Engineer: 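For reference, the structure I am asking about is given below.
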Amino acid sequence: MDDPRLRLLGAAEVGDAGRLLAALDSLRPIVTVFPGLPPAAAGAALTLVALLSRLFPHVQVDGSAYAGPNPWGISDVADAPDWFRGVCPVPTMVPAADIRVSLGISPGPRIRERVLGVGGGDWTARLAWEPQPLDDPPCALRHGLGLHAGACLAVSELLKVTLAPLGMSALILPGSGGDSSEDPLVWNLIDYRRAPAPVITGPQESLVRPRVLLAGTGSVGTSVAGALVFCRGLTGEAIAVDPEDFDPARNPFRYPALSGGETGAKATWAACLLQKAGWAAESAAADIGTWNAGQQVPGFDGIMVSSVDDLTARFEVADVLAREVISAGVGGLAFHVQRERLGDGWACPYCEYVPAEPVLTQAHVVAAQVGLPVEKVIALQIPGAVLTAADLEASAAGRKISSEDATRLIGHRLADLVAGVYAEAAIAPVGAQRGPGQPGTVAVAAPQVSWLTGVITAAELVKTASGLPVLDRRVDVDMSGLPQGFTRQVKADSSGRCACASGIRRRWMVNLYGGRR
């Protein structure tokens, strides 16, 4: 099984994957682009095609519109299916059913077929099983981040409708059965309530140039950079930091900002993308701890966007002593975005990970997860150690990973082996025959999770630059369901073992940025 959309986990079998692929490949999403669609809205339609093309191989675009600046460099939405052919999976069958996805409402006769409608504007997302309007007036749209959020939710709905009958656990948007009388889902990126965005007063034309440090440029970090390209008028200074190179065989299917075929350092790619959008950007091919150790003075007077994926890196993020951090964490179809300031009484980048056992004391747990001896796991935790072909053959023999993953992970870190399901939907196929104690699931790529995480992070940067109310303090979204419409505050760890409890670090924060921030 070599389809890049899927991974077999546990006792999952090729037949399980075949049923899921047949369901994905039997559907043809048709993205409708209405005449006169403004560029900011057309950019969101482009995002729809970019996301859908990684999951459904028969995506079609009906209509034409100028898309404005975008990370793929596509002028017209009509050209998108050809442009994304490099990330489009090879179909296993011809399409058997169509679902039309519209963005806005047709200026002509009403579409009579089944439609999943996306609407809204810069800050509001609308979604329903009937066409949804753009915010008035459409000509005033600047970046359409609300529409991008709606596009991500629409992709999740198509994935849920397609795969729920085969075992995907999901809460589906009302009206999917044909009853269009249900109220639409309305959600906004200002206060994250299930309501239209609050009325924004005051001038929004003049933006402060932010200073941003991208700690990690994987699927989320590249999505942040990609979403910022759509934010007209917003530029600033950026530093992209990541030690890894692209894997052109797998990354494009999970990194929505890519077009396919990208190679080289992830950080360099992200910095170049921002440079083309007018940012003063630079890159460093290093982990965040190494980058921080090379700085001449402590602290980062700006906003660090953290999407690192292991405990050591999360501690190193806290140790940068940035003025402010926006942390993004993804697990399966769920993610969170949280704003943090070290030492202010609320959770810092490392607080929720303090209860994790020290790395050596949990070696036996990791060993059971990956199917390797404990002593080998301890050896792989030494800085610079990488996985060998023999290590990965042993893990595959124990059915901990697939043979495809074993080949892909040669030379990678142990953390990459135990990273778990990242921006994927884990599905236990219905009707699969299993022996006792042999659970098996199939992980399906979910690029819309990474993109929505990037959209929310970009929205927070735009709000900071515009002087708008920012996130207080954390928003959690599970895309197997629907946005819940609330935020929450998480208190700092009280054990005294977190980075934010250090008196030295607290004094440095006061020295760097003052007592009130």
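Keep in mind that what you see is a predicted model, and the values were worked out from it rather than measured. Count residues from 1 along the sequence. Because only heavy atoms are used, hydrogens play no part in the values below, and waters and symmetry mates are left out as well, while side chains stay in.
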Engineer: Give me the ring orientation class for H148 and W451: parallel if the planes are under 30° apart, tilted from 30 to 60°, perpendicular past 60°.
Structural biologist: tilted

Engineer: If you take all heavy atoms of A458 and L228, which pair is closest and at what distance?
Structural biologist: CB-CD2, 3.9 Å

Engineer: Assess whether a salt bridge exists between R100 and D62, defined as any Lys/Arg side-chain N lying under 4.0 Å from an Asp/Glu carboxylate O.
Structural biologist: yes

Engineer: Can S259 and W83 be counted as having a side-chain donor-acceptor contact under 3.5 angstrom?
Structural biologist: yes

Engineer: Do T92 and S26 have side-chain heavy atoms sitting under 4.5 Å apart?
Structural biologist: no

Engineer: One pair to check against side chain to side chain contact (heavy atoms under 4.5 Å, CB included): L342 and L321. What are the steps and the verdict?
Structural biologist: CA-CA 7 Å; L342 194 74; L321 305 181; 3.3 Å; yes

Engineer: Which heavy atom of A80 sits nearest to which heavy atom of L46, and what is that distance?
Structural biologist: CB-CD1, 3.6 Å

Engineer: Within the structure provided, determine whether D135 and L147 are in side-chain contact (heavy-atom separation under 4.5 Å).
Structural biologist: no

Engineer: Side-chain contact, heavy-atom cut-off 4.5 Å: V59 with F84?
Structural biologist: no

Engineer: Looking only at heavy atoms, what is the nearest atom pair of R194 and P483, with distance?
Structural biologist: NH1-O, 2.6 Å

Engineer: So, does R5 use its side chain to make a donor-acceptor pair with the main chain of L55 at under 3.5 Å?
Structural biologist: yes

Engineer: OG1 of T162 to CG of L27: how many Å apart, nearest 0.5 Å?
Structural biologist: 4.5 Å

Engineer: What I want to find out is whether K266 reaches D242 closely enough, with some N-O distance under 4.0 Å, to be called a salt bridge.
Structural biologist: no

Engineer: Quick check against the 3.5 Å criterion: does D76 have a side-chain atom that pairs as donor or acceptor with the backbone of S64?
Structural biologist: no

Engineer: Can you tell me which residue among L273, L234, V229 is in a side-chain contact (heavy atoms from CB on, under 4.5 Å) with W279?
Structural biologist: L234

Engineer: How long is the span from the CG atom in L214 to the CD1 atom in I288, to the nearest 0.5 Å?
Structural biologist: 9.5 Å

Engineer: Does D16 reach the main-chain N or O of L20 with its side chain, forming a donor-acceptor pair under 3.5 Å?
Structural biologist: no

Engineer: For residues N251 and E262, is any side-chain donor paired with an opposing acceptor at under 3.5 Å?
Structural biologist: no

Engineer: Does NZ or CZ of R341 lie under 6.0 Å from the centre of the six-membered ring of W346, at an angle within 45° of the ring axis?
Structural biologist: no

Engineer: What distance do F253 atom CZ and R54 atom CZ have between them, rounded to the nearest 0.5 Å?
Structural biologist: 8.0 Å

Engineer: Can you list everything that forms a side chain to side chain donor-acceptor pair (under 3.5 Å) with R339? Sequence neighbours excluded, please.
Structural biologist: E324, E460, T464

Engineer: Restricting to non-hydrogen atoms, name the atom on F335 and the atom on V449 that form the minimum distance, rounded to 0.1 Å.
Structural biologist: CD2-CG1, 3.9 Å

Engineer: So do the side chains of L333 and M168 get within less than 4.5 Å of each other, counting heavy atoms only?
Structural biologist: yes

Engineer: Nearest heavy-atom pair of L52 and P29: which atoms, and what distance?
Structural biologist: CD1-CB, 4.0 Å

Engineer: Ion pair present between R254 and E424, side-chain N to carboxylate O less than 4.0 angstrom?
Structural biologist: yes

Engineer: Using only atom types and a distance under 3.5 Å, with no angle test, would you say the side chain of E157 pairs donor to acceptor with the backbone of L173?
Structural biologist: yes

Engineer: Taking all heavy atoms of R314 and all of Y350, pick out the closest pair and write down the distance.
Structural biologist: C-CD1, 3.9 Å

Engineer: Find out whether L103 and V33 are in side-chain contact, i.e. whether some heavy atom of one side chain is under 4.5 Å from a heavy atom of the other.
Structural biologist: no

Engineer: Have a look at L145 and tell me which of T124, I456, L189 forms a side-chain contact (heavy atoms from CB on, under 4.5 Å) with it.
Structural biologist: L189

Engineer: Do D344 and R473 sit within salt-bridge range, that is, some charged N less than 4.0 Å from a carboxylate O?
Structural biologist: yes

Engineer: So how far is it from I172 CD1 to L482 CG, rounded to the nearest 0.5 Å?
Structural biologist: 9.5 Å

Engineer: Is the backbone N or O of G144 less than 3.5 Å from a side-chain atom of D122, with the two atoms forming a donor-acceptor pair by type?
Structural biologist: yes

Engineer: Before you tell me yes or no, could you show the steps for I239 and F300 under side chain to side chain contact (heavy atoms under 4.5 Å, CB included), namely the whole-Å CA-CA distance, both residues' side-chain angles and the distance that decides it to 0.1 Å?
Structural biologist: CA-CA 11 Å; I239 306 171; F300 178 77; 4.1 Å; yes

Engineer: Can you check whether A347's main-chain N or O pairs, donor with acceptor, with K491's side chain at less than 3.5 Å?
Structural biologist: no

Engineer: Could you tell me whether the side chains of S156 and Q448 share a donor-acceptor contact shorter than 3.5 Å?
Structural biologist: yes

Engineer: Could you label the plane-to-plane angle of the Y192 and W187 rings as parallel, tilted or perpendicular, counting under 30° as parallel and over 60° as perpendicular?
Structural biologist: tilted

Engineer: Checking Q338 side chain against H336 main chain: does a donor-acceptor pair fall under 3.5 Å?
Structural biologist: no

Engineer: Taking atom types as modelled, find out whether S219 and S450 have a side-chain donor-acceptor pair closer than 3.5 angstrom.
Structural biologist: yes

Engineer: Between R114 and I99, does the side chain to side chain contact (heavy atoms under 4.5 Å, CB included) criterion hold? Intermediate values first, please.
Structural biologist: CA-CA 7 Å; R114 188 185 188 198; I99 294 183; 3.8 Å; yes

Engineer: Do the side chains of S102 and F34 get nearer than 4.5 Å, heavy atoms only?
Structural biologist: yes

Engineer: Please examine the side chains of P349 and V320, heavy atoms only from C-beta on, and report whether any two atoms are closer than 4.5 Å.
Structural biologist: no

Engineer: Show your reasoning for whether side chain to side chain contact (heavy atoms under 4.5 Å, CB included) applies to V118 and L153.
Structural biologist: CA-CA 9 Å; V118 177; L153 296 173; over 6 Å; no

Engineer: Go through the side-chain N and O atoms of T487 and R474 and say whether any donor and acceptor fall under 3.5 Å apart.
Structural biologist: no

